[in-house]
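Counting starts at 1 for both ligands and their atoms, in listed order.
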Amino acid sequence: MRILRTIAEVRLAVGAARREGGSVGLVPTMGAFHEGHLSLMRRAREQNDLVVVSLFVNPTQFGANEDLGAYPRDEARDARLAEAEGVDILFAPAASEIYPDGFATNIHVAGVTDVLDGASRGPHHFDGVATVVTKLFGIVRPDVAYFGQKDAQQVLVVRRVVRDLDLDVRIDACPIVREPDGLAMSSRNVYLDADARARATALNRALDAAASAFEEGERDADSILSAAHRVLADAGIAPEYLELRDAETLQPVARVEADALLAVAAHVGAARLIDNHLLSVLRTRDAS
Ligand code: PAF
């Protein structure tokens with residue numbers, strides 16, 4: 001595996017693979033790898049001739065009061081893990097390589113960014129994500145880019161950028177990877193002390209409770225959400241948001257008649273965590 005720092009080096013390496021007719025997979029990351037990231041790398045490895053992983057803690061997607069300074073960083077460990085997954089190139093640029101002096105472009109996706117994490121964290125968050133991901137697509141020009149479904153809203157934002165700007169890349173959203181007790185894997189789980197770690201399992205249990213109500217035939221959004229609220233309240237967690245929204249448009253839903261995203265964000269101890277379940281109307285119909 002090669003660790004590359006500059007855009008020019010990545011272009012050269014990817015260009016050489018392309019000239020030989022190879023397909024290119026990109027896994028954009030901010031490092032602090034866990035099994036979720038590794039599952040994306042494995043999928044990219046299975047499906048492509050060249051696998052590029054970007055490791056860049058993107059400052060523009062963090063708010064002033066967020067954890068940019070504290071965000072876990074261990075490039076040597078990440079490099080070992082990526083290499084063990086057969087990654088070809090780890091692109092780990094300095095901030096000045098991505099945002100040189102005079103950088104003045106911002107990609108803003110309207111609509112799907114106004115709610116959930118966009119509302120909680122502010123518009124800069126998805127602007128930062130959309131802008132850096134578009135840059136990475138321009139640098140690597142991947143055939144496929146792999147994202148985790150845990151950041152379901154991020155996936156919708158990236159898909160919208162790709163559609164609206166006619167970018168020639170397929171977005172592959174990969175399943176959420178969970179700890180044995182159901183907690184969704186996240187780089188931010190390292191912030192949890194023992195008490196918060198135990199309470200954090202309530203997020204997935206709350207989503208499970210709501211999903212069970214849905215699977216048993218409940219369609220009223222408030223009733224479905226009540227089941228989740230009860231589990232969170234029992235764990236002493238006040239969610240930043242707990243919402244049911246249309247899975248494609250993120251419009252609010254009063255009744256679940258089409259696929260819906262059940263999404264939660266909450267501060268648990270020192271960590272802000274997010275999680276989600278997809279409520280699939282088709283899957284429920286098939287099962288009945
Ligand atoms: O999901 C992440 O780790 C980041 O938001 C991403 C996609 C790498 C952009 O910085």
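In this structure, F56 has its ring center no closer than 6.0 Å to that of F91.
For ligand 1, the atoms closer than 4.0 angstrom to any heavy atom of Q154 are 1 (O), 2 (C), 4 (C), 5 (O), 7 (C). Under a 4.0 Å criterion applied to the non-hydrogen atoms of V132, ligand 1 contributes the atoms 9 (C), 10 (O).
Of the heavy atoms in T29, only backbone atoms (N, CA, C, O) come closer than 4.0 Å to ligand 1.
Tested against F126 for a side chain to side chain contact (heavy atoms under 4.5 Å, CB included), the candidates R121, Q154, H108 yield a single pass: Q154.
Of the charged side-chain nitrogens involved, none lies within less than 4.0 Å of a carboxylate oxygen, so that K150 and E35 do not count as a salt-bridged pair.
D172 places no side-chain N or O within donor-acceptor distance of the main-chain N or O of A145, the cut-off being under 3.5 Å.
For atom 10 (O) of ligand 1, the nearest non-hydrogen atom from the set Q61, K150, M30, K135 belongs to Q61.
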